[in-house]
A.B. asks: 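If you scroll down you'll find the structure; I have some questions about it.
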Amino acid sequence: MSTQEIMELTEKYIMKTYGRLPLALVKGQGSRVWDAEGNEYLDFVGGLAVDSLGHCHPAVVDAVTEQARTLMHVSNLYHIEPQAHLARLLVENSCCGKAFFCNSGAEANEAAIKLARKYAKFKRGQDKFEIITALKSFHGRTLATITATGQAKFQQGFEPLPEGFKYVPFNDLAALEEAIGPHTCAVMLEPVQGEGGVNAAHQSYLEGVKEICDQKGLLLIFDEVQCGLGRTGKLFAYQQYGVEPHIITLAKALGGGFPIGAMLAQDEVAQAFQPGDHASTFGGNPLACAAGVAVMETMLEEGFMAKVNAAGLYFKKWLDVLAGKYNFVKEVRGMGFLLGMELNVEGAGIVAKCQEKGLLINCVNGSTLRFIPPLNVERAQIDRAVEILDGVLSKV
Ligand SMILES: *Cc1c(COP(=O)(O)O)cnc(C)c1O
């Protein structure tokens, strides 16, 4: 099918929940993708931080193919080998003791919200249910997670919203301390806010939040759906800060393109979930978990993260050079391969021009260009992306 034909079908049959660009991607390899006309692009969107190992990574393709031939799905009424294997890899490499599997980031956060409430009610009393989150956060599109999301634009039109969420400005410890009330049970934060404009938490902020949580008996939940799994240059974003949360949520990169989410919790907290308390039919399905195992084993290979770190710094250095060159660039922020370039001008036109020149990027908050390429993007591809971006910015 041509791009035109695909666009016509989309227009006719798909709900308009996305403002889509006039592009249909049909093939990918590493950090490159091709559209229906055969044009090639460098993919610095990476399926929104999902394609962290690049498109069609052989380890993931092999694992999925092999598992599809063996056993695609059985119920969680039974024990599932790839699920147990993936849980062990996540637990042994994190501060958590148990995993719950689901299919998306929003579901991982729903699970975290339910676990935090259950734990707090059982441990500290029936009146503990409130979760404090940050302004400019993003936690998903279900009713509970749009409510957890500290941005009104995601909530409008869907009221009444579930009760029990409160928002504070990010990186403001005094505001958090003040917001804690008699009903508070947990604090939920993204160590690096993604959709909110690529805002990294300050070191002293996360340390302070952890201290307050410990003092007041609150659970600390890190939403690492976007910033986790190597995105910041460490396997988990919390490891960049040395601040250990009680609960971690994951999704995007976990399946190397296959849909899967996970909620990890420390053993003591995880105990609050008993048989029947929470479930997902597809959650932890053999096929998804086989993909997850392949991703984790690849990311855990000796030297993988060191390479991500070095390449991320190299890319950021070039973005800083561009920031110095163009006075309409306000700031370059972020960590590893979760980088943002805030402009004084609208970003949409720049995104479209980059696409014309063969580079896919996206824009959050109207004016922050976001770069989330595969973690194994090659140096030459980074150079080419910088060259294209430089050319486009020079004509603004
Ligand atoms: C994308 C994202 C989510 C939601 O994940 P879905 O898989 O779209 O439900 C939640 N939290 C953060 C930080 C995200 O970036």
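In listed order, ligands and their atoms are each counted from 1. Since the model is a prediction, treat every value here as computed from it, not as a measurement. Keep in mind that the numbers below use all heavy atoms, side chains included, and drop hydrogens, waters and symmetry copies.
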A.B. asks: Do the charged groups of Asp390 and Lys325 touch, with an N to O distance under 4.0 Å?
C.D. replies: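 Salt bridge: yes.
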A.B. asks: Can you spot which of Phe337, Phe315, Phe371 makes a ring-ring contact (aromatic ring centres under 6.0 Å, His included) with Phe44?
C.D. replies: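 Going through Phe337, Phe315, Phe371 one by one, the ring-ring contact (aromatic ring centres under 6.0 Å, His included) with Phe44 is satisfied by Phe315 alone.
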A.B. asks: May I ask you to check whether Phe236 and Phe222 place their ring centers less than 6.0 Å from one another?
C.D. replies: no
A.B. asks: Would Phe282 and Phe101 count as a close aromatic pair, with their ring centres under 6.0 Å?
C.D. replies: no
A.B. asks: Is the closest side-chain heavy-atom distance between Val187 and Val209 below 4.5 Å?
C.D. replies: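 Yes; the side chains approach each other to less than 4.5 Å.
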A.B. asks: Are Gln239 and Glu244 side-chain neighbours, meaning at least one heavy-atom pair lies under 4.5 Å?
C.D. replies: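 When only atoms from C-beta onward are counted, Glu244 and Gln239 do not touch, as no gap falls below 4.5 Å.
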A.B. asks: Show the distances, to 0.1 Å, for all pairs joining an N/O atom of ligand 1 and a protein N/O atom that are shorter than 3.5 Å, listing one pair per line.
C.D. replies:
residue  : atom   : partner : partner atom : Å
ligand 1 : 7 (O)  : Gly105  : N            : 2.8
ligand 1 : 9 (O)  : Gly105  : N            : 3.4
ligand 1 : 9 (O)  : Ala106  : N            : 2.8
ligand 1 : 11 (N) : Phe138  : O            : 3.2
ligand 1 : 11 (N) : Asp223  : OD1          : 3.4
ligand 1 : 11 (N) : Asp223  : OD2          : 2.7
ligand 1 : 15 (O) : Gln226  : NE2          : 2.8
ligand 1 : 15 (O) : Lys252  : NZ           : 2.6

